[in-house]
Amino acid sequence: MTTLFTGYRLGDLALPNRVVMAPMSRVRAAAGGLATPSMARYYAQRATAGLIVSEGVQPSLIGQSNPGTPGLHTDDQVESWRQVTDAVHVNGGRIFAQIMHGGRVSHPDTTGMRPVGPSAVAAVGEVFTPTGPQPVPVPRALGTAEVPEHVRSYAQAARRAVDAGFDGVELHGANGYLISQFLSANANLRTDRYGGSVTNRIRFAVEAVTATVEAVGADRTGIRLSPGGPFWGIEETEVAEHYTALLGELARLDLAYVHLEATADEETLLGLRKAWPGTLVMNPVLPLGPKQTGRGEADHWLGLGADLISFGRAFIANPDLVERLRTGLPIAPADEATYFQGGDNGYLTYSAYQHTQ
């Protein structure tokens, strides 16, 4: 019988369990988008996960969404990440880098440049900047001839990730960032080959994944998707049709996995499970909701055909989450006030479960 603690083969990787640490922004990078010794310790503490997916890593300066996030577009950034991947591997873990281009969800105060997007339509909400939250500006719409440059940025960052010691990469195609913006019905108002029909709106995602596969191999490439998710004012229509078409195109590439968030109803998600023949990572709980994934949600989705289950917030305060899930120990709550404040408090200050006599 398959359980959360049954091993799984993911490409060349032998995962000891089916627990995935989901990507989570922790904004602890140093100036210049460099990874730090604290980041190495943070990820190494959680290396008992079957697979770790890193926080979102920008593939270019213009792709940076928030201050304090790390990059994979300079040689210094690559070098800085080696301490992280080495620490995870020494502790017996496996780690993919999540490549995240913010697109319109950015600000000139963060990057020094006007954000870009599929169309000149602003996201809804405020974005973090070096001086605090500010309204998201209207992005500059990418010209058709510019789009391939941003497609290539994912592949170039993936190559750098492998150079830095990552076992693979996950393209962030969810949560209202650039790939998600191209998939959207209201952020993408284009009339060229990247807009309008379902075939055209999925084109950017397919091209970005294809370029990444060509750069580092299909078994090192995954993608995260949030079907129907409303992040940053994103609206999507024909969700089942849209994502079935996208998964059909991606299926030709034999990716390492597709990582789905539970942003659609269960019937739609089960239809997408049927449409995707490969490894499915399921994130059962809404990223911004009040609940965090536990053993019950994990077992439910394993029973419905997911192969791996990702846990986000539960990993923040529980570096030993796999053991807590295995033995039924309580899951400690995280201090939300420390999520994005920087420093080691609320980052390295959580410990493994203390057994009392």
Side-chain angles (χ1 to χ4, degrees), residues 10-16 19-102 152-172 211-224 256-257 259 310 315-316 319 322 342-344 347-348 350:
L10 185 71
D12 291 336
L13 300 176
L15 311 188
V19 177
V20 174
M21 178 174 160
M24 292 175 285
S25 294
R26 303 309 312 275
V27 295
R28 259 72 177 189
L34 303 181
T36 67
S38 289
M39 289 166 64
R41 189 174 164 203
Y42 170 79
Y43 284 111
Q45 286 176 340
R46 290 152 178 82
T48 52
L51 177 68
I52 292 172
V53 184
S54 81
E55 63 209 275
V57 183
Q58 56 261 16
S60 60
L61 181 56
I62 201 168
Q64 182 174 3
S65 182
N66 299 315
T69 56
L72 269 170
H73 54 92
T74 72
D75 291 345
D76 286 346
Q77 290 165 353
V78 171
E79 182 60 36
S80 75
W81 274 112
R82 291 191 177 120
Q83 64 189 315
V84 178
T85 58
D86 285 349
V88 169
H89 292 147
V90 164
N91 275 23
R94 297 134 300 273
I95 183 167
F96 273 36
Q98 190 193 61
I99 302 175
M100 173 186 153
H101 190 311
R152 287 193 299 271
S153 73
Y154 291 92
Q156 290 160 351
R159 206 173 283 115
R160 288 183 178 276
V162 171
D163 288 346
F166 284 97
D167 298 296
V169 298
E170 173 183 288
L171 275 61
H172 197 349
T212 303
V213 166
E214 290 171 353
V216 300
D219 61 344
R220 288 178 165 177
T221 304
I223 186 171
R224 192 175 204 208
Y257 64 78
H259 187 175
S310 69
F315 259 114
I316 292 177
V322 174
D344 289 347
Y347 191 59
L348 300 180
Y350 298 113

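Everything numeric here is computed off the predicted structure, so don't read it as measured data.
In this structure, the side chain of Asp167 does not engage the main chain of Arg94 through any donor-acceptor pair within 3.5 Å. With Thr69 contributing its side chain and Ser65 its backbone, the two residues share no donor-acceptor pair below 3.5 Å.
A pairwise comparison of heavy atoms in Gly50 and Leu15 identifies O-CD2, 3.2 Å as the closest pair. Nearest heavy atom pair, residue Pro67 against residue Gln64, reads CA-NE2, 3.8 Å. For the residue pair Arg224 and Ala22, the shortest heavy atom distance occurs at NH2-CB, 4.1 Å. Nearest heavy-atom pair across Gly56 and Pro70 is O-CD, 3.9 Å. When all heavy atoms of Ala161 and Ala97 are compared, the closest pair comes out as CB-CB, 4.1 Å. Ala155 and Ala215 make their closest contact through O-CB, 3.7 Å (heavy atoms, listed as atom of the first residue, atom of the second, distance).
Going from atom CD of Glu214 over to atom CZ of Arg159 covers 9.5 Å, rounded to the nearest 0.5 Å. Atom CD in Glu170 sits 8.5 Å away from atom CG in Leu51 (nearest 0.5 Å). Taken to the nearest 0.5 Å, the OG1 atom of Thr212 stands 9.0 Å off from the OH atom of Tyr154. Remark: Met21 CE to Ser54 OG distance equals 9.0 Å, nearest 0.5 Å. The CG atom of Leu34 sits 6.5 Å away from the OG1 atom of Thr74 when rounded to the nearest 0.5 Å. Arg160 contributes atom CZ, which lies 8.0 Å from atom CG of Leu72 (distance to the nearest 0.5 angstrom).
Looking only at side-chain heavy atoms (C-beta outward), Phe96 and Leu13 come within less than 4.5 Å of each other. At least one side-chain heavy atom of His259 sits less than 4.5 Å from a side-chain heavy atom of Ser310. Side chains of Gln156 and Pro59 form no contact here, defined as non-hydrogen atoms less than 4.5 Å apart. Using a 4.5 Å heavy-atom cutoff, the side chains of Phe315 and Val19 are in contact. In this structure, Val57 and Ile99 have side chains that are not in contact, with every pair of non-hydrogen atoms separated by 4.5 Å or more. The side-chain heavy atoms of Gln83 and Asp86, taken from C-beta on, include no pair separated by under 4.5 Å. Using a 4.5 Å cut-off on side-chain heavy atoms (C-beta onward), Trp81 and Ile95 make no contact. At a threshold of 4.5 Å between non-hydrogen side-chain atoms, the residues Pro23 and His172 do not count as touching.
Screening residues 32-44 for side-chain hydrogen bond (donor to acceptor under 3.5 Å, both in side chains) gives Arg26-Tyr42, Ser38-Asp344, Tyr43-Glu55 as the qualifying pairs, with residues at least two apart or on separate chains.
When only modelled atom types and interatomic distance are considered, Ser153 and His101 share no side-chain donor-acceptor pair under 3.5 Å. Side-chain contact, His73 with Gln58: no donor N or O sits under 3.5 Å from an acceptor N or O. Of the N and O atoms on the side chains of Tyr350 and Gln45, not one donor lies less than 3.5 Å from an acceptor on the other residue.
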Margin query: Pair Tyr257, Ile223 - check side-chain contact (heavy atoms from CB on, under 4.5 Å), show working.
Written below: CA-CA 7 Å; Tyr257 64 78; Ile223 186 171; over 6 Å; no
